[in-house]
Amino acid sequence: MKHFSPLDPNLLLIGVEDTDVEGAELGTGKITRRLKDVLPTGAEMVGVVRHQFLMVPEIPYTSWNSPACAIVRVSDPSLVPEIAETTRDHVRALASDGSDPGICLGLVRDVAPRVIEHGVDCRRRVLTQADAIRVGKGLILEGLGGDNGGIIGALGAVGLTAHGWCGRFIEVTALEERPLDNSVADLAERGVRLAVMERDAPPPLDEDRVVVPDQFRPVLIGGVPVLMVHEAAPGRWETKPWPKRNH
């Protein structure tokens, strides 16, 4: 079973940012999700997390200033250079003309506290490429076109994912092709936990059903995917649909 835990120090994080322009068919989220189709043998996509950064006039962004971070299980850390080359080729091939793509790769064990702080700062203040280059030493951090501004958000996405306390999953591989109605135990086997959003609701039981309206979109809490649910009926838990965005 494909359990997820970004706290596993051997998981590889791949941050991607600034890959599109207004009206582009493929946004950063979609491009990052498609990495799973080109990863080499020995590398397996576990999930992709979307983060939201500060939106102010001083920061250029297409629509939401939202980078993505792929979480990849690697059989051997020596595969990282090959995965980096694959990521470069993939992003260059799919990024929009006129975009400023950047990528960042690092094993969780190599993500220093300063990188996590950079990720948090991306949510609350304006940062520069010089900031990212200084903080990202020791990780693979590269601009792939334009003014290379995407390195700021790519590094931030890696930092926030390693932090483990914010972001929304736009893909969890273990939930692919799952029905929209599962037992609590089924989800737990796949590494997905529940957070009950009502004060007086009882704790979900293993045999209870969890129903999502259209797609699985857990949030990253405590280093694992968590579905925010409410009690729709005894033994039945539901999530609310997320707003549609171009991912």
Side-chain angles (χ1 to χ4, degrees), residues 1-20 25-51 67-96 101-112 115 136 138-145 150-151 153-155 157-162 164 167-179 186-192 215-218 220 223-225 247:
M1 199 58 63
K2 301 173 182 177
H3 289 281
F4 177 92
S5 173
L7 301 181
D8 179 347
N10 294 314
L11 286 176
L12 176 67
L13 304 181
I14 306 176
V16 182
E17 174 63 314
D18 284 354
T19 62
D20 58 357
E25 179 181 352
L26 294 178
T28 296
K30 288 180 179 178
I31 290 174
T32 307
R33 292 171 69 181
R34 291 189 182 189
L35 264 173
K36 67 183 178 184
D37 299 325
V38 297
L39 289 172
T41 301
E44 177 186 36
M45 181 82 80
V46 177
V48 178
V49 179
R50 173 198 182 275
H51 292 289
C69 185
I71 301 102
V72 177
R73 182 175 291 112
V74 293
S75 60
D76 189 329
S78 67
L79 287 170
V80 172
E82 181 181 357
I83 296 170
E85 187 61 30
T86 297
T87 301
R88 290 185 199 102
D89 292 343
H90 175 77
V91 173
R92 282 184 176 131
L94 297 183
S96 302
I103 61 172
C104 179
L105 293 87
L107 296 169
V108 172
R109 69 190 186 199
D110 297 327
V111 178
V115 176
L139 302 179
I140 297 172
L141 180 64
E142 300 177 7
L144 301 179
I151 65 172
L155 179 66
V158 166
L160 280 184
T161 304
R168 173 170 65 89
F169 282 88
I170 54 177
E171 179 162 321
V172 179
T173 304
L175 297 179
E176 284 186 349
E177 301 181 1
R178 293 294 304 168
D186 285 338
L187 294 177
E189 280 188 45
R190 288 161 176 79
V192 179
Q215 54 190 341
F216 292 97
R217 289 292 184 263
L220 180 60
V224 295
H247 295 305

Can you tell me how far [atom2] of [Y] sits from [atom1] of [X], rounded to the nearest 0.5 angstrom?
X: Q215; Y: E171; atom1: CD; atom2: CD; value: 11.0 Å
X: I151; Y: L139; atom1: CD1; atom2: CG; value: 12.0 Å
X: C104; Y: E17; atom1: SG; atom2: CD; value: 12.0 Å
X: I31; Y: R34; atom1: CD1; atom2: CZ; value: 8.0 Å
X: I140; Y: E142; atom1: CD1; atom2: CD; value: 6.5 Å
X: D37; Y: T86; atom1: CG; atom2: OG1; value: 12.5 Å

Tell me whether D8 is salt-bridged to R109, with the criterion being a basic N under 4.0 Å from an acidic carboxylate O.
no
Across all chains, not counting sequence neighbours, the salt bridge (charged side-chain N to carboxylate O under 4.0 Å, His left out) partners of E176 are K36
Donor-acceptor check, side chain of R190 to backbone of D186, threshold 3.5 angstrom: yes or no? yes
| With no hydrogens and no angle check, is any side-chain donor or acceptor of R217 less than 3.5 Å from a backbone partner on I170? | yes
[X] versus [Y], closest heavy-atom pair with distance:
X: G191; Y: V224; result: O-CB, 4.3 Å
X: A43; Y: L39; result: O-CB, 3.9 Å
X: T161; Y: L220; result: O-CD2, 3.8 Å
X: S78; Y: P81; result: O-CD, 3.3 Å
X: C69; Y: L13; result: SG-CB, 3.9 Å
X: A154; Y: G102; result: CB-O, 3.6 Å

From the list V158, L107, D110, side-chain contact (heavy atoms from CB on, under 4.5 Å) partner of L12 resolves to L107
Sorted by chain and number, sequence neighbours left out, side-chain hydrogen bond (donor to acceptor under 3.5 Å, both in side chains) with T19 holds for T28
Kindly indicate whether the side chain of [X], heavy atoms from C-beta on, has any atom under 4.5 Å from the side chain of [Y].
X: F216; Y: V172; value: no
X: V192; Y: F169; value: no
X: L35; Y: I14; value: yes

Note to self: side-chain contact (heavy atoms from CB on, under 4.5 Å), that's the test. Do N10 and V108 meet it? Break it down for me.
What the structure shows: CA-CA 6 Å; N10 294 314; V108 172; over 6 Å; no
Would V72 and V46 count as a side-chain contact (heavy atoms from CB on, under 4.5 Å) here? Give the steps.
CA-CA 5 Å; V72 177; V46 177; over 6 Å; no
